[in-house]
Structure formats: C-alpha cells, structure tokens
Participant: 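I am attaching a structure below and will ask some questions about it afterwards.
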Amino acid sequence: MIDILDDTYRPKRKRAKSKEEERKLDEEEERIDREIMGYIERKEWDKCLKKYRFKNKRINKRMRRLIAEMMWRDEVAKTVSEKFGVKIQFITIRGESGFESTFDSKGMSDEQILREID
C-alpha cells in the first residue's frame with residue numbers, strides 16, 4: 001500500500017461510526033491504491049497527478065514527490081541504456097520497483113554469456 005493513502009485514510013477510519021463504514025473506507029483505499037499503482041506501472045505520471053489531488057496539501061506534495069522519484073529513476077534507466085548499450089528498464093510490479101537489464105545472447109557461446117553476466 002502507498003503510505004500516502006494511509007495518511008489520508010487513517011483519520012477517516014478513526015472517525016468512522018461503525019465497522020461497516022471502516023470496511024468501506026478500507027475498500028476505497030485499496031481501490032485507489034490499485035489505480036495509482038496501475039498508473040505508475042504504465043508510467044502514466046501526468047494522468048495520475050491529475051486524477052489524484054487530495055485536500056491535504058502535504059499529501060499532494062508527497063504524491064508529486066513519489067511520482068517525481070519514479071520519473072527520475074525511469075530517466076536514469078534510459079540514460080544508462082543509451083550510454084552503455086545495455087537495455088535497462090525501471091519497472092514497478094505490485095508496488096515493488098527496481099531496475100532490470102537484459103541482453104541478446106543469440107549467437108553467443110556459453111563462455112561469452114557467462115562473461116557477459118559476470
């Protein structure tokens with residue numbers, strides 16, 4: 001889950017008058033979390049920022065910072081790929097992010113592949 005959403009929904013849950021209201025808030029938070037992560041996984045940064053504006057300015061600032069960090073990491077991957085000729089991507093899957101690199105081993109001997117991996 002995105003911490004930003006927890007900061008938004010925690011006070012709402014405390015004010016909830018029933019377990020049913022808490023459950024609905026939890027479901028809403030999970031739905032929004034999935035939507036935001038979908039935007040991030042598809043690298044639709046602008047759409048995410050336009051769709052999700054929270055009443056709390058501090059939370060909006062944290063959201064912009066999260067997206068800016070993701071965009072920066074994606075740009076780093078592109079720059080390194082261009083500079084060194086190795087395909088590197090910044091990926092996000094189910095809330096976990098990281099860099100991934102691949103190379104084409106067609107026509108390489110096993111020894112060449114091992115040297116490339118090392």
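Please read these numbers as outputs of a predicted model, since none were measured by experiment. Worth knowing before you read on, the calculation uses all heavy atoms, side chains too, and leaves out hydrogens, waters and symmetry mates.
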Participant: Taking all non-hydrogen atoms of both residues, which atom of T92 and which atom of E41 are closest, and how far apart?
Facilitator: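 Looking at all heavy atoms of both residues, the closest pair is O-CG, 2.8 Å.
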
Participant: With heavy-atom distances below 4.5 Å as the criterion, would you say the side chains of D46 and I67 are in contact?
Facilitator: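 SC-SC contact between D46 and I67 ruled out.
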
Participant: Distance check, rounded to the nearest 0.5 Å: L49 atom CG versus R64 atom CZ?
Facilitator: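 Reported value, rounded in 0.5 Å steps: 8.0 Å.
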
Participant: What is the minimum heavy-atom distance between A77 and F90, and which atoms define it?
Facilitator: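 Looking at all heavy atoms of both residues, the shortest contact is CB-N, 3.7 Å.
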
Participant: Taking 4.0 angstrom as the limit, do E35 and R31 come out as a salt bridge?
Facilitator: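 Looking at R31 together with E35, the answer is yes, because their closest N to O distance falls below 4.0 Å.
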
Participant: Using the salt bridge (charged side-chain N to carboxylate O under 4.0 Å, His left out) rule, pick out the option among E22, E21, E29 that qualifies with R13.
Facilitator: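 When salt bridge (charged side-chain N to carboxylate O under 4.0 Å, His left out) is applied between R13 and each of E22, E21, E29, only E29 qualifies.
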
Participant: Less than 4.0 Å between a side-chain N and a carboxylate O, is that true for E111 and R115?
Facilitator: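 Answer for the salt bridge query: yes.
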
Participant: Can you tell if the side chain of Q89 reaches within under 4.5 Å of the side chain of F99, non-hydrogen atoms only?
Facilitator: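 A side-chain contact is absent here, since even the closest heavy-atom pair is not under 4.5 Å.
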
Participant: Got a salt bridge between E20 and R23, using NZ or NE/NH1/NH2 to carboxylate O under 4.0 Å?
Facilitator: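 Answer for the salt bridge query: yes.
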
Participant: Checking M71 against K43 for the side-chain contact (heavy atoms from CB on, under 4.5 Å) test, could you report, in this order, the C-alpha distance in whole Å, the side-chain angles of both residues, the deciding distance, and whether it holds?
Facilitator: CA-CA 8 Å; M71 291 172 71; K43 299 179 183 181; over 6 Å; no

Participant: Measuring only between side-chain heavy atoms, which start at C-beta, is I32 closer than 4.5 Å to T8?
Facilitator: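 No; the side chains remain at least 4.5 Å from each other.
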
Participant: Hey, any chance I91 and W72 share a hydrophobic cluster, counting ILVMFWY side chains that come within less than 4.5 Å of each other, even indirectly?
Facilitator: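 As far as the 4.5 Å side-chain criterion goes, W72 and I91 are not connected within one cluster.
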
